[in-house]
K.L.:
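Below are the structure tokens for one structure; questions will follow.
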Amino acid sequence: MSGQFGLLKQERFAPFFVTQFLGAFNDNLFKNALVVLLTFQAAQWTTLPAELLANLAAGIFILPFFLFSATAGQLADKYDKAMLARLVKVLEMLIMGVAAAGFFLHSLPVLMGALFLLGLHSTLFGPVKYAILPQHLHSDELVGGNALIEAGTFVAILIGTLAGGLLAGSVEHPAWIALGGFVVAAGGYLTSRGIPAAPAPDPGLAVNLNPLTETWRNINFARQNRTVFLSILGISWFWLYGALFLAQFPVYAKNVLGGGESAVTLLLATFTVGIGIGSMLCERMSGKQVEIGLVPFGSIGLTLFGLDLYFASPVGLAGTTPHQLLALLSIPAVWRVLVDLMLLGTFGGFFIVPLYALVQLRSSPDHRARIIAANNILNALFMVVGALGAAAMLGAGLSIPALFGIAALLNAAVAIYIYGLVPEFLLRFIAWLLVKAAYRLRCEGLEHIPGEGAAVLVANHVSFVDAVVIMGASPRPLRFVMDYRIFRIPLLSFIFRHCGAIPIASAKEDAALMEKAFAEVSTALANGELVAIFPEGYISRDGELQTFRPGISRILAANPVPVVPLALSGLWGSFFSRIDGEAMKTPFRRGLFSRISLRVGAPLAAAEATPARLQATVLALRGEQR
């Protein structure tokens with residue numbers, strides 16, 4: 001994890017990280033301080049009940065996300081994002097001045113206006129927050145950068161919420177709350193001055209101030225890439241799921257665990273620490289790649305531990321007086337609840353970080369901020385719908401543990417639906433399990449695989465799972481050309497079919513299938529896809545490199561694209577390698593969890609990539625290992 005923490009020492013990341021951290025902290029400091037103040041001193045401010053005031057404050061804060069996210073996305077695409085970050089911090093300081101006026105005037109409408117403006121501040125900063133990362137970070141730093149941002153945001157929310165409650169209960173005059181917020185905002189402005197320039201991708205953009213038409217336009221930008229749009233839906237579902245759990249913590253702590261305010265803090269802190277752990281582990285588990293195979297892994301954990309929280313919730317702990325925190329911690333059932341919350345947060349980190357990185361990586365740079373704005377709108381919409389649905393179910397008499405259980409089952413249904421629409425997530429998960437759980441894969445030279453555009457990847461062929469291993473290591477989806485017999489192997493055929501593999505046969509076996517395969521390869525390359533082939537034509541019978549066949553020359557003659565050589569080592573002699581003929585006399589030498597390697601060489605121009613040249617290059621990459 002040292003790599004991602006190293007970003008905190010980089011000028012291109014550290015000032016931005018601190019700026020966004022202080023912004024999230026300040027949002028929650030002021031919002032929670034105001035809610036606590038109105039809850040315990042409601043009679044001094046209004047005749048409205050405290051419960052209504054709390055929900056009114058939450059609604060006012062989130063309203064700007066619906067009204068101004070579309071405009072915020074346009075501004076972030078039109079102007080330098082570093083400049084916008086500084087202007088947003090200036091706005092934040094002015095908002096704290098409005099809040100101070102509200103406290104001095106004892107005016108609830110002015111305070112609610114300040115809360116609305118603070119929501120506007122967050123709305124304007126949202127597209128800047130995520131669209132700036134691909135401009136300042138390398139592709140292999142995106143996962144680590146997003147992990148730090150997500151972990152930092154949740155920690156800032158936790159600390160800000162606690163600080164707001166403490167501040168509201170300890171100051172003599174509430175205006176001190178606004179002063180504290182002003183100091184935090186000023187600190188954010190100072191750090192924002194160190195953010196490097198992030199030039200506008202579309203400075204000629206004409207800003208459309210109509211939120212309805214522009215919102216729909218931004219959503220259409222996101223829908224141009226199906227994977228991006230479904231990733232946004234996945235992110236929005238996570239915020240619905242997480243917000244649903246977080247919103248129930250106060251009542252859950254009181255009515256189920258029988259605790260007080262300290263129990264609420266413990267639940268929130270446990271969940272937040274889990275999010276931080278999961279986010280931080282993402283970079284190590286993904287090998288610094290945007291590994292969407294972690295997303296199904298995360299969704300499995302969100303479902304399992306959400307369900308276990310339902311079964312683990314104790315009965316009969318609540319009494320007439322709240323239990324002290326130490327007394328609660330002496331009860332084994334409470335520890336099971338805490339473990340569930342910790343693991344919910346951890347698997348939430350596995351789920352959300354790769355999705356954010358994927359949206360940033362695969363969104364068009366010219367529209368990236370507006371796509372992030374569309375994401376923010378949908379996030380807010382999902383959270384509102386989730387809150388209304390939870391309120392309706394609880395109002396109908398459903399218990400909070402049962403609500404958690406239903407949410408977990410719905411999470412499983414949503415996951416199955418999304419992975420059915422985009423099998424790439426599930427396929428990458430299967431490949432990730434193979435190369436991370438079944439073997440220890442070491443990769444070298446992955447940066448040689450083009451980040452965009454067409455190319456042909458050629459590799460030696462030593463086992464039935466070569467394609468799965470390469471697919472799991474590649475940062476981009478691949479279309480494999482493979483022997484039709486391997487393509488039809490049970491179980492593996494499911495993977496190959498859904499990842500767009502192209503079955504091929506020799507002219508003697510099936511000339512029509514061969515011609516169809518070459519036509520599909522040409523179409524894929526014309527569409528800018530990556531095509532991978534095994535030029536030997538069959539799995540090695542002895543682990544040695546065989547002669548490369550001339551089919552690669554035919555492909556390149558019709559499609560003169562770069563060719564990337566790859567060399568696999570370590571799978572010969574494994575359970576998945578071929579064992580017919582003489583090889584049957586060789587006992588298996590390599591079991592599960594053994595080390596395998598994939599070396600990627602520099603791309604060759606189509607004119608240079610003759611079968612003999614490619615064979616020599618792969619042999620050199622492979623070295624003496626098998």
Side-chain angles (χ1 to χ4, degrees), residues 445 448-449 455-470 478-487 489 496 501-511 513-518 520-522 525 530-574 576-586 590 596-626:
H448 293 311
I449 298 177
V456 175
L457 279 61
V458 299
N460 59 315
H461 206 2
V462 292
S463 80
F464 290 103
V465 295
D466 292 347
V468 180
V469 171
I470 295 171
L478 300 173
R479 298 283 304 276
F480 280 93
V481 181
M482 60 177 57
D483 188 290
Y484 73 97
R485 289 164 294 197
I486 297 177
F487 180 85
I489 293 175
F496 298 143
I502 303 170
I504 193 170
S506 66
K508 181 185 297 185
E509 292 176 298
D510 192 334
L513 182 59
M514 183 185 75
E515 293 303 321
K516 181 182 178 182
F518 280 113
E520 285 193 51
V521 168
S522 292
L525 294 174
L530 294 179
V531 173
I533 67 172
F534 300 105
E536 294 166 279
Y538 55 88
I539 295 175
S540 175
R541 292 184 174 88
D542 57 6
E544 301 298 330
L545 195 65
Q546 310 300 310
T547 303
F548 280 17
R549 296 185 176 184
I552 179 65
S553 298
R554 176 175 172 179
I555 291 173
L556 296 176
N559 312 273
V561 298
V563 182
V564 182
L566 296 85
L568 275 166
S569 301
L571 281 167
W572 172 249
S574 72
F576 299 106
S577 60
R578 193 165 184 168
I579 58 171
D580 58 77
E582 289 297 317
M584 291 184 67
K585 301 177 182 178
T586 304
R590 307 184 66 83
I596 60 177
S597 68
L598 175 67
R599 297 189 180 95
V600 184
L604 299 175
E608 302 175 301
T610 63
R613 172 76 180 275
L614 288 171
Q615 182 179 346
T617 303
V618 171
L619 186 62
L621 285 171
R622 188 166 179 256
E624 296 301 320
Q625 298 186 51
R626 290 190 179 183

K.L.:
D510 and A505: which non-hydrogen atoms are nearest, and at how many Å?
P.N.:
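Residues D510 and A505, closest heavy atoms: CB-CB, 3.9 Å.
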K.L.:
Measuring from atom CG of D483 to atom CZ of F534, what distance do you get when rounded to the nearest 0.5 angstrom?
P.N.:
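It is 11.0 Å, given to the nearest 0.5 Å.
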K.L.:
Is the backbone of S463 close enough, under 3.5 Å, to the side chain of D466 for a donor and an acceptor to pair up by distance?
P.N.:
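At least one qualifying donor-acceptor pair exists.
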K.L.:
Given 3.5 Å as the limit, does a donor-acceptor pair link the side chain of R599 with the main chain of L621, or not?
P.N.:
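Looks like yes, one N/O pair under 3.5 Å.
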K.L.:
Would you say the side chain of F480 lies within less than 4.5 Å of the side chain of I533, judging by non-hydrogen atoms?
P.N.:
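No. Closest side-chain heavy atoms not under 4.5 Å.
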K.L.:
Would you say the side chain of L525 lies within less than 4.5 Å of the side chain of I555, judging by non-hydrogen atoms?
P.N.:
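SC-SC contact between I555 and L525 confirmed.
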K.L.:
Return the minimal non-hydrogen interatomic distance between L556 and A606, and the atom names on each side.
P.N.:
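Between these two residues, the closest heavy atoms are CD1-O, 3.9 Å.
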K.L.:
Checking side chain to side chain contact (heavy atoms under 4.5 Å, CB included) for the pair V481/V521: CA distance, chi angles, key distance, verdict?
P.N.:
CA-CA 8 Å; V481 181; V521 168; 3.5 Å; yes
K.L.:
Determine the minimum heavy-atom distance between S522 and N559, stating which atoms define it.
P.N.:
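The pair with the smallest heavy-atom distance is OG-ND2, 3.2 Å.
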K.L.:
Distance check, rounded to the nearest 0.5 Å: S553 atom OG versus F548 atom CZ?
P.N.:
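Separation between the atoms: 11.5 Å.
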K.L.:
For residues L604 and R613, determine if any side-chain heavy atom of one lies less than 4.5 Å from a side-chain heavy atom of the other.
P.N.:
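Yes, their side chains come closer than 4.5 Å.
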K.L.:
So do the side chains of E520 and R479 get within less than 4.5 Å of each other, counting heavy atoms only?
P.N.:
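Sidechains of R479 and E520: in contact.
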K.L.:
Would Q615 and L545 count as a side chain to side chain contact (heavy atoms under 4.5 Å, CB included) here? Give the steps.
P.N.:
CA-CA 8 Å; Q615 182 179 346; L545 195 65; 3.8 Å; yes
K.L.:
With the side chain counted from C-beta on, respond yes when L566 and V458 share a heavy-atom pair under 4.5 Å apart, and no when they do not.
P.N.:
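Contact flag for L566/V458 side chains = no.
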K.L.:
Side chains of V456 and I552: does their closest heavy-atom pair fall under 4.5 Å?
P.N.:
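Heavy-atom side-chain distance check passes, below 4.5 Å.
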K.L.:
For a 4.5 angstrom cut-off between non-hydrogen side-chain atoms, does H461 reach P535?
P.N.:
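The answer is no, as the side chains (C-beta and beyond) never meet within the 4.5 Å cut-off.
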K.L.:
To the nearest 0.5 angstrom, please state how far the CZ atom of R622 sits from the OG atom of S597.
P.N.:
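These two atoms lie 9.5 Å from each other.
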K.L.:
To the nearest 0.5 angstrom, please state how far the CE atom of M514 sits from the CZ atom of R554.
P.N.:
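That separation rounds to 5.0 Å.
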K.L.:
Are the side chain of N460 and the backbone N or O of L568 linked by a donor-acceptor pair below 3.5 Å?
P.N.:
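Side chain of N460 to backbone of L568, a donor-acceptor pair under 3.5 Å: yes, one is there.
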K.L.:
How long is the span from the CG atom in L478 to the CD1 atom in I449, to the nearest 0.5 Å?
P.N.:
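Between atom CG of L478 and atom CD1 of I449 there are 6.5 Å.
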K.L.:
Grab the two heavy atoms, one from P565 and one from V618, that are nearest each other, plus how far apart they are.
P.N.:
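Result for this residue pair: CB-CG2, 4.1 Å.
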K.L.:
Can you give me the closest heavy-atom contact between G445 and V600, atom names plus distance?
P.N.:
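Taking G445 first and V600 second, the nearest heavy atoms are O-CB, 3.2 Å.
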K.L.:
Taking the side chain as every heavy atom from C-beta outward, state whether I502 and M482 have any pair of such atoms under 4.5 Å apart.
P.N.:
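I502 vs M482: side chains apart.
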